[in-house]
Amino acid sequence: MAEKQKQNEKKVPPRSEDFAAWYNDICLRAELADYSPVRGCIVFRPDGFAIWEELRDELDRRIKQTGARNAYFPLFIPQSFLQKESQHVEGFAPEVAVVTHGGGKELEEPLIVRPTSETIIHHMMTQWIQSHRDLPMMLNQWANVVRWEMRTRMFLRTAEFLWQEGHTAHATREEAERETLTMLEVYRKFVEEYLAIPVVVGRKSAAERFPGAVETYAIEGLMGDGRALQCGTSHFLGQNFSKAFETRYLDDQNQLQYVWQTSWGVSTRLLGAIVMAHGDDQGLRLPPPVASTQTVVVPIFRKPEEAAVVLPAARAAFDALTHAGIRTRLDDREGLTPGFKFNDWEMRGVPVRIEIGPRDVASGEAVLARRDKSGVEAKSKKPLASIADSVKAMLAEIQQSLFAQAKAAMVANTRQFDDYASFKKHMEGSGGGGFADVYWCGNPVCETRIREETKATCRVIPLEQSGTAGKCLVCGESASERAYFAKAY
RNA sequence: CGGGACGUAGCGCAGUCCGGUAGCGCACCUGAAUGGGGUUCAGGGGGUCGCGGGUUCAAAUCCCGCCGUCCCGACCA
């Protein structure tokens, strides 16, 4: 009840007090999304969808640079397709939505609403691939998928979500493995550079692997509460699907061969990652590249004669910024105090706010307030004449600083443990606990014990290893690799 | 799917025990003043009390049934 009452107060609940309530409240208040009448589904409001659009456009460019091309496959998939790969069906069947009726009649074969598109895309690839000259085949699609989840959380887990799923087929194992890692690196760079969210990169344990994959790789971020969030995955599928779907080609020796495949994706979950990795007590803090409003101009005046000088100056600044390619808004709403507007735009995460009042017009300056800092550090005066240059430079600095802050938080929240008791004690505490960097022998029994006793799971086995061996945190047997464990979303 | 709570204005809630004119805060609309960090005052609009049935002169309130939502546990991008 206390949680509900907070939503009605003016102030955002402090992030540190109740992270879950804070997160929900921010998503709703900043108008990123709203609940829908359909259980488990959310509505993306314009401010939230704009972030997705910016992110999507940039990632789409980067994906195309690797040689993949976009296509679009149907939402409906024959139920029998899902059943062709045994691991795959086992993993997805429980959460699949099934269409049994259409046109007023029961369908001869039920259709599933795609939870992911491996099966239908591989089915089509089988038709399209005959020769080694048809390879590699690299496809990507931007689509919605449905997974019937029992528990949902805004952006992080919803019954329907938007994503990008890449599917590639290659002549050799080596080439497919290389593609898997290439895309993993595309995701790492994208999430770190564009969203300013630092991640750890690595391989998933067998238990966390994508159903049907030989190997799954992921990038994992750490959220503001110390819990981990999987931000993107890249799977090496081996020949599991090509054997199930008979996807074969004739090689240059005229021998029939099964193709080697990959799939990789990121979803609207990244919006949740942005909120949780950067947000603070005042609300959202958007990385400039994805902010639908990068800067807002707030004119300040009391009397009509002040408005007469301030408003034209504010409009001139707005025009200059817009012409410089900066996504700008002019907040000339009447009847709201400047203080209210400041708080409002801070809550919505706008990176730079520009205050223009009579004093500023007189001195030919404007007050710039940057969202990545607080207090006196956040405000500075800049000449109105070159406002666009100042804002542009500031946006770049903010991007760097948001990443640096998130990186520092991740480093501070990553701890090495070499005895199980202290690890367990640390993870048992309330809150996330951050990343635990530990030696693990690779035995699923040890992994299960950790999960059951601490709720932490193996997030990733980092690609970069020191090379030195140690003893497994749980069983004490020799372990050749370190793994990151954390409580995850 | 198991355990708990809840459903009354757009949102958050009181009223339910003990039946008797539908209430508060926020938001919204109008007006005036205010305006460099969440303004103030005045006036105003808005509800088949989740749905269906029953008891009663009378039901938000009591009884029965249904539906839905949220929280906690097992599975998941």
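Chain A is the first sequence line, chain B the second, and so forth, proteins listed ahead of strands; every chain is numbered from 1.
Side-chain N/O atoms of K379(A) include none lying less than 4.0 angstrom from OP1 or OP2 on G36(B). For A77(B), neither phosphate oxygen OP1 nor OP2 lies less than 4.0 angstrom from any side-chain nitrogen or oxygen of R269(A). A close approach under 4.0 Å does occur between a side-chain nitrogen or oxygen of T337(A) and OP1 or OP2 of U39(B).
Whole-Å rounding puts the L336(A) CG to G35(B) C1' distance at 10 Å. As a whole-Å value, the separation of D25(A) CG from C26(B) P is 18 Å. Atom CD of E355(A) is separated from atom P of G38(B) by 12 Å (rounded to the nearest Å). Distance, H235(A) NE2 to A77(B) C1': 8 Å, rounded to whole Å. Rounded to whole Å, the distance from CZ on R153(A) to C1' on C70(B) is 13 Å. If you take NE2 of H88(A) and C1' of A77(B), they are 13 Å apart, rounded to a whole angstrom. The distance between atom CG of N343(A) and atom C1' of G38(B), rounded to the nearest whole Å, is 5 Å. Residue R370(A) contributes atom CZ, which lies 21 Å from atom P of G37(B) at whole-angstrom precision.
Taking atom C1' in both C49(B) and A59(B), the straight-line distance is 11 Å, to the nearest Å. Rounded to the nearest Å, the gap between the C1' atom of A9(B) and that of G65(B) is 28 Å. Distance noted for atom C1' between U55(B) and C63(B): 7 Å (whole Å). For the C1' atoms, the distance from G52(B) to C71(B) is 28 Å, rounded to whole Å. Nucleotides C64(B) and C17(B) have their P atoms positioned 14 Å apart, rounded to a whole Å. Across G25(B) and G46(B), the matching C1' atoms stand 15 Å from one another, rounded to whole Å. Nucleotides C24(B) and G15(B) have their P atoms positioned 15 Å apart, rounded to a whole Å. Comparing the same atom, C1', in C13(B) and in A60(B) gives a spacing of 14 Å after rounding to whole Å.
The pair R147(A)-E160(A) does not meet the salt-bridge criterion, since no charged nitrogen lies less than 4.0 angstrom from a carboxylate oxygen. By the 4.0 Å N-to-carboxylate-O rule, D225(A) lies too far from R15(A) to be salt-bridged with it.
Both the sub-6.0 Å distance and the 45° axial angle are satisfied by K84(A) relative to the ring of F81(A).
For a distance-only test at 3.5 Å, the side chain of D360(A) qualifies as a donor-acceptor partner of the base of G36(B).
In the set G36(B), G73(B), A77(B), G36(B) carries the atom at the smallest distance from any side-chain atom of V367(A). Listed nucleotides G37(B), G35(B), U39(B) differ in distance to F340(A); the shortest reach to its side chain belongs to U39(B).
Residue-level contact check: L229(A) touches neither bases nor backbone, having no heavy atom under 4.0 Å from any strand. Among the heavy atoms of the strands lying under 4.0 Å from R353(A) is at least one base atom, whether or not backbone atoms are also near. As judged by a 4.0 angstrom heavy-atom cut-off over every strand, T158(A) is placed among the base-contacting residues. Counting non-hydrogen atoms under 4.0 angstrom, G335(A) reaches a base of the nucleic acid. Within the 4.0 angstrom heavy-atom criterion, base atoms lie near P358(A).
The nearest heavy atom of RNA chain B to F92(A) and to K455(A) marks one nucleotide each, and the one closer to the 5' end goes with K455(A).
Across all strands shown, G19(B) forms no Watson-Crick or G-U wobble pair with both distances under 3.5 Å. Base pairing annotation: G46(B) forms no Watson-Crick or G-U wobble pair, as no partner gives both donor-acceptor distances under 3.5 Å. With a cut-off of 3.5 Å on both Watson-Crick or G-U wobble distances, the partner of U34(B) is given as none. Base pairing analysis places C70(B) opposite G4(B); the two distances defining the Watson-Crick or G-U wobble pair are each below 3.5 Å. Nucleotide C24(B) is matched to G12(B) when pairs are restricted to Watson-Crick or G-U wobble geometry with both distances under 3.5 angstrom. Remark: U56(B) base-pairs with no nucleotide in the shown strands. Criterion, Watson-Crick or G-U wobble with two distances under 3.5 Å. Of all nucleotides present, none satisfies the Watson-Crick or G-U wobble test against U61(B) with each distance under 3.5 Å.
Applying the 5.5 angstrom centroid cut-off and the 30 degree plane-angle cut-off, the aromatic ring of F161(A) is stacked upon the base of A77(B).
Taking the six-membered ring for Trp, H123(A) and F245(A) have ring centres at least 6.0 Å apart. Taking the six-membered ring wherever Trp is involved, the centroid distance between the rings of F44(A) and F155(A) falls below 6.0 Å.
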Evaluate the side chain to side chain contact (heavy atoms under 4.5 Å, CB included) criterion for residues W264(A) and N140(A): first the C-alpha distance (whole Å), next the side-chain angles of each, then the deciding distance (0.1 Å), finally the verdict.
CA-CA 9 Å; W264(A) 25 272; N140(A) 178 58; 3.9 Å; yes
Test salt bridge (charged side-chain N to carboxylate O under 4.0 Å, His left out) on E355(A) and R353(A); report intermediate values, then the result.
CA-CA 7 Å; E355(A) 307 168 15; R353(A) 179 183 69 245; 2.9 Å; yes
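Aromatic ring pairs are classed by plane angle as parallel below 30°, tilted from 30° to 60° and perpendicular above 60°; the pair W22(A) and F19(A) is tilted.
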